[in-house]
2 protein chains.
Amino acid sequence: MATDKPTIDKVASLAKVSKTTISRYLNGRFEFMSDETRKRIRAVIEELDYRPNNLARGLKSNRSGLIGVLVADIGSPFSSILVKGVGDTCKDRGYQTIIANTDNDPQKEREYIRSLIDNRVEGLIVNITGQNDDFLLELKDEGIPIVVADRPMETLSLDTVTSNNAEMTYRTIRHLYEQGFERVAFITQQISQVRTRYVRHQTFLKACRELYGVDGEKWVYFIDPSDVGSLAQELQAFLEMEDGPAAAFAVNGVTLLSLVKAIRELDLVMPDDLGVTGYDDWGWASLIPPGITTISQPSYNVGVQSALRLIQRIKDNRPKPKLIELPSELIVRGSSVRNVK
Amino acid sequence: MATDKPTIDKVASLAKVSKTTISRYLNGRFEFMSDETRKRIRAVIEELDYRPNNLARGLKSNRSGLIGVLVADIGSPFSSILVKGVGDTCKDRGYQTIIANTDNDPQKEREYIRSLIDNRVEGLIVNITGQNDDFLLELKDEGIPIVVADRPMETLSLDTVTSNNAEMTYRTIRHLYEQGFERVAFITQQISQVRTRYVRHQTFLKACRELYGVDGEKWVYFIDPSDVGSLAQELQAFLEMEDGPAAAFAVNGVTLLSLVKAIRELDLVMPDDLGVTGYDDWGWASLIPPGITTISQPSYNVGVQSALRLIQRIKDNRPKPKLIELPSELIVRGSSVRNVK
DNA sequence: TTGTAGGCGTTATCAA
DNA sequence: TTGATAACGCCTACAA
């Protein structure tokens, strides 16, 4: 740095008071301060454009003003909008967010968490990979405030903010059923340990049993979203399996995108050849004729609520873990509506 | 925190050496350290799961290991992918990124920058709003390493990583011209002070002069992307203005999305009623029949290069500012290809 | 090869 | 109403 930043000592000497008084001023404790000194201090601070050093503050006070956020994939709209919700909320309350991207890699997740803690973040908002539960619980036991965003832990032993996955999945399958589709392909990435995928998968099976009276497993397709060709093949096979109106449900936005690509590759017409539904309304779903039926998640609000809960917990870490489930919205469009009778 | 974290003192006492030695160990200066003490220290550190406090480190050494990143809108794929590029690159080199979202608001931009500096970030990567040039230059003069990502400053007085906007815009208009479109609407948000918008706008005008021999201003439409209805009206007016094949160019991804929505609202057929091109290939452009012609920007790489340049500059802040222009790609799809002769 | 001591910029506890 | 002074956890001359 060319020009060295002014420190509290410099302010003190120019204002002709001790640094204790400056510190009081900085922390808004004017109770016993004469108006005169207060004004003098303010003048000096403005003059120097003095700003306290947060590292020093944090070191002394154990309050860094930093909140760590881990997301699985910042490149996906879900994560980035969630991050925005967190950021806006934290800013308003005097916190800065440090964001790290785990790429769904449990090892990266651990490394980043360690590093965030080294930077003395006051709390953590985690979109978990699902493979570090024990590690997270240790941290909790060490007293670090943690909120789990979007993907719950199986045990729910941490504060969790998510959306009503089971309900919406069921409702969507029922919608397809009521529209007269006679079978539904469930298109998903490997479940890995991702709890939302798991819940959606299980709910799908349940809906198949209760509505179609079948074991849904035969309609489940595990795919790699980047390999549209294979997906197209699988889809073809699904369609040829039986006659009658068929539909598909994509487990998340990335998968839905692949699904629509595969449909285009096969030159299928929605909903006649295949009814289409799935997770994540990312702006383009309405544009693809005849409009894709999607479940729109409250990502921004998940971010906001996670941040609020975390900040609460930073102030008082005693409360029992709480589960907050925010509602998603099923947006029905042409791709799942059969106009034939 | 329930269990207090171990400090360097604790490690020192358990390892029966002074904290100087521990500090040496932590910083990898084993040159004059006996193998035995080294092992002993390692054992104690593992045993305690000791990790140094970054705040204390940064306070003393003036190296926080933090890099600040400001983006205009983290919710847009452009920003979030850029952020990912920055994050990946920084992580590999031992830096953490603090990300802040300015919402294109110059005041927020200033506030965030101040706050990042309070946290002693070692450098800044900024997707500038374009209205804080003086402020940024002051910071530069104070010795803070800064890289401008995507949106250049008019004066180029800072390191800049961006893409070849002028070239790609010109090439796209020429493509439309060569396809026999007789006029081109330029759909844009308010330029504000956003340099990329400005450059694209100016290039459009230039292309109009050189190719069509007209003043392109009459074909420029300033729109609010969230107001699809108005855009549809304007588009209608543009189409009715004259006969002959007409096309449109959207200045960025957000605008392109609105444009396509408006086209759907008006029930226009691409490319017969309107040829469509524009910035940002965000995954869905290929899905909308007949496929939308887009310019795909190297966002990830802009992030990577920005980070690399910044880290270089953190090490040596003397070099003259450099402009790095990365190539974008024009992806021609059905929306701009006239198959009639 | 290792240790002593002082300081980084704050905050907090006393005492005045 | 204000000020000395001692931390916070680490790094680094300098000394041994």
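In what follows, chains are A, B, ... by sequence order, proteins preceding strands, each numbered from 1.
Taking atom CG of B/N54 as the reference point, atom P of D/dC8 lies 19 Å away to the nearest angstrom. Counting to the nearest Å, the C1' atom of D/dT1 and the NZ atom of A/K16 are 19 Å from each other. For the pair B/N62 CG and C/dG7 C1', the computed distance is 13 Å after rounding to whole Å. In this structure, NZ of B/K5 is placed 11 Å from P of D/dC10, rounded to the nearest angstrom. Taking atom NZ on B/K39 and atom P on C/dT1, their separation rounds to 14 Å, with Å as the unit. As rounded to whole Å, 17 Å separates atom P of D/dT1 from atom OH of A/Y25. For A/N119 and D/dC10, the CG to C1' distance is 14 Å, given to the nearest whole Å.
Residues A/N101 and A/K108 come closest through the heavy atom pair O-CD, 4.1 Å. B/G75 approaches A/K84 most closely through the heavy-atom pair N-CD, 4.5 Å. Residues B/S157 and B/P321 share a closest heavy-atom pair of O-CG, 3.3 Å.
The main-chain N or O of B/V71 is never found under 3.5 Å from a side-chain atom of B/S79 such that the two would form a donor-acceptor pair. One N or O on the side chain of B/N317 and one on the backbone of B/G143 form a donor-acceptor pair closer than 3.5 Å.
Among B/R313, B/K140, B/K315, the single residue meeting the side-chain contact (heavy atoms from CB on, under 4.5 Å) criterion with B/P145 is B/R313.
Here B/S18 does not reach the OP1 or OP2 of C/dT4: none of its side-chain N or O atoms lies under 4.0 Å away.
Taking 4.5 Å as the limit, every side-chain heavy atom of A/L59 sits out of range of all side-chain heavy atoms of A/L55. Taking 4.5 Å as the limit, some side-chain heavy atom of A/R57 sits within range of a side-chain heavy atom of A/N27.
Both B/R38 and B/L59 lie close to DNA chain C; mapped to their nearest nucleotides by heavy-atom distance, the more 5′-ward contact belongs to B/R38.
The bend of the helix from C/dT1-D/dA16 to C/dA16-D/dT1, defined by the angle between the axes of its first five and last five pairs, stands at 40° to the nearest 10°.
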Heavy-atom protein contacts under 4.0 Å, nucleotides 10-16 of chain C, coded B base, S sugar-phosphate only, - none: BBBB---

Mind listing the side-chain donor-acceptor pairs of residues 91-100 of chain B below 3.5 Å, one per line with the distance, residues two or more places apart or on another chain?
unit_1	atom_1	unit_2	atom_2	d
B/K91	NZ	A/E111	OE1	2.6
B/R93	NH1	B/T89	O	3.2
B/Q96	NE2	A/S115	OG	2.4

